[in-house]
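Contents: one structure, followed by commentary.
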Amino acid sequence: ETGVTQTPRHLVMGMTNKKSLKCEQHLGHNAMYWYKQSAKKPLELMFVYSLEERVENNSVPSRFSPECPNSSHLFLHLHTLQPEDSALYLCASSQGLGRTEAFFGQGTRLTVV
Amino acid sequence: GQQLNQSPQSMFIQEGEDVSMNCTSSSIFNTWLWYKQDPGEGPVLLIALYKAGELTSNGRLTAQFGITRKDSFLNISASIPSDVGIYFCAGRADDYKLSFGAGTTVTVRA
């Protein structure tokens, strides 16, 4: 199995839908991250969890709701999104915050219609 | 995060060429990282730099941590077709947060 696995790989949703993105890491890491990647723009850090506690919430709209039930799993719950939320959403994990480098998943390509 | 300026924004390579890209910051970093992202994939870490002046290689890739701690460059020697992709720099100051550049898109010259 790959280190960080994200599902689904692609998602198309309407603005009134509710969906969830899932991330699972098999590396024994204790920190997990959600990033948003839009075309031609730097990766934007959205949320950070360390030991299942949220330590960062980077002014992200409330239509994005993260959940970290254990150190191996991270979810991003989506509801009433806007077309400008269409992007690649990347999950990453690391052993500790800032002590070792993060491994990224393959991302979920989200399209909001 | 901090604003990183990565250049060039895009480049064309011909097989066998050496290519170079760089990243600058307005503030000092303690760590510089270089990632590569292939289409439909997540970024993969290529090289990590932790000390000013450090020069590190990974195969045909070489990266340096600038002496001022505000810049870094990545060289690819003798490029091959599989070098195409998007290369990102990232920097970290005192905390855990990474600031990313906007990427350099490398494509093969026809």
Side-chain angles (χ1 to χ4, degrees), chain A residues 2-11 21 23-25 27 29-51 53-59 74 87-110, chain B residues 1-11 21-27 29-51 54 56 58 63 65 72 85-107:
Chain A
T2 57
V4 182
T5 305
Q6 289 187 242
T7 54
R9 294 291 309 277
H10 300 272
L11 177 63
L21 310 185
C23 177
E24 184 173 2
Q25 59 96 1
L27 300 167
H29 290 165
N30 56 21
M32 297 188 78
Y33 312 77
W34 279 116
Y35 285 88
K36 177 183 179 183
Q37 185 177 31
S38 304
K40 306 295 184 188
K41 291 176 68 176
L43 272 70
E44 301 171 49
L45 182 63
M46 300 175 71
F47 301 104
V48 180
Y49 278 82
S50 175
L51 298 170
E53 297 281 332
R54 191 191 306 181
V55 298
E56 183 75 30
N57 179 359
N58 240 4
S59 302
L74 185 65
L88 183 68
Y89 289 84
L90 290 162
C91 172
S93 71
S94 67
Q95 184 57 35
L97 287 177
R99 295 209 308 271
T100 64
E101 303 318 327
F103 287 79
F104 284 86
Q106 294 170 302
T108 295
R109 172 66 63 186
L110 173 67
Chain B
Q2 301 295 329
Q3 191 80 11
L4 296 190
N5 294 310
Q6 186 170 349
S7 66
Q9 188 175 33
S10 62
M11 63 167 57
M21 60 196 78
N22 68 80
C23 212
T24 60
S25 167
S26 58
S27 55
F29 285 137
N30 294 324
T31 299
W32 280 99
L33 308 172
W34 285 93
Y35 288 87
K36 183 191 179 199
Q37 186 174 23
D38 292 326
E41 303 291 331
V44 174
L45 182 65
L46 299 173
I47 293 179
L49 303 159
Y50 300 105
K51 191 175 173 183
E54 182 180 353
T56 297
N58 177 3
F65 192 140
S72 177
I86 305 176
Y87 292 79
F88 292 97
C89 63
R92 183 168 59 226
D94 294 329
D95 61 10
Y96 60 86
K97 299 177 191 177
L98 282 177
S99 298
F100 284 83
T104 295
T105 301
V106 175
T107 51

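The figures here come from the full heavy-atom set of this structure, side chains too, leaving out hydrogens, waters and symmetry mates. It should be emphasised that the depicted structure is a prediction, and the values quoted were computed from it without experimental measurement. Letters A, B, ... are given to chains in the order of the sequence lines, protein chains preceding strands, and every chain is numbered from 1.
Scanning residues 37-46 of chain A against chain B with a 4.5 Å non-hydrogen threshold yields Q37(A), K40(A), K41(A), P42(A), L43(A), L45(A), sorted by number.
Summarising the geometry of Y33(A) relative to G96(A), their closest heavy-atom pair is OH-O, 3.9 Å, with the distance given to 0.1 Å.
Two residues are said to be in side-chain contact when any heavy atoms from C-beta on lie closer than 4.5 Å; N30(B) and D94(B) meet this criterion.
The pair R92(B)-E101(A) meets the salt-bridge criterion, since a charged nitrogen lies less than 4.0 angstrom from a carboxylate oxygen.
The parts of V55(A) that come within reach of chain B are both its backbone and its side chain, each placing non-hydrogen atoms under 4.5 angstrom from that chain. Only the side chain of Y35(A) comes within contact range of chain B, judged by heavy atoms closer than 4.5 Å. In this structure, chain A has no heavy atom under 4.5 Å from any part of Q6(B).
Under 3.5 Å, the side chains of E56(A) and Y96(B) contain a donor-acceptor pair of N or O atoms. Side chain to side chain, Q6(A) and Q106(A) fail the donor-acceptor criterion of an N or O pair below 3.5 Å.
The main-chain N or O of Y50(B) is found under 3.5 Å from a side-chain atom of E54(B) such that the two form a donor-acceptor pair. Using a distance-only test at 3.5 Å, with no hydrogens or angles considered, no donor-acceptor pair links the side chain of N30(A) to the main chain of L51(A).
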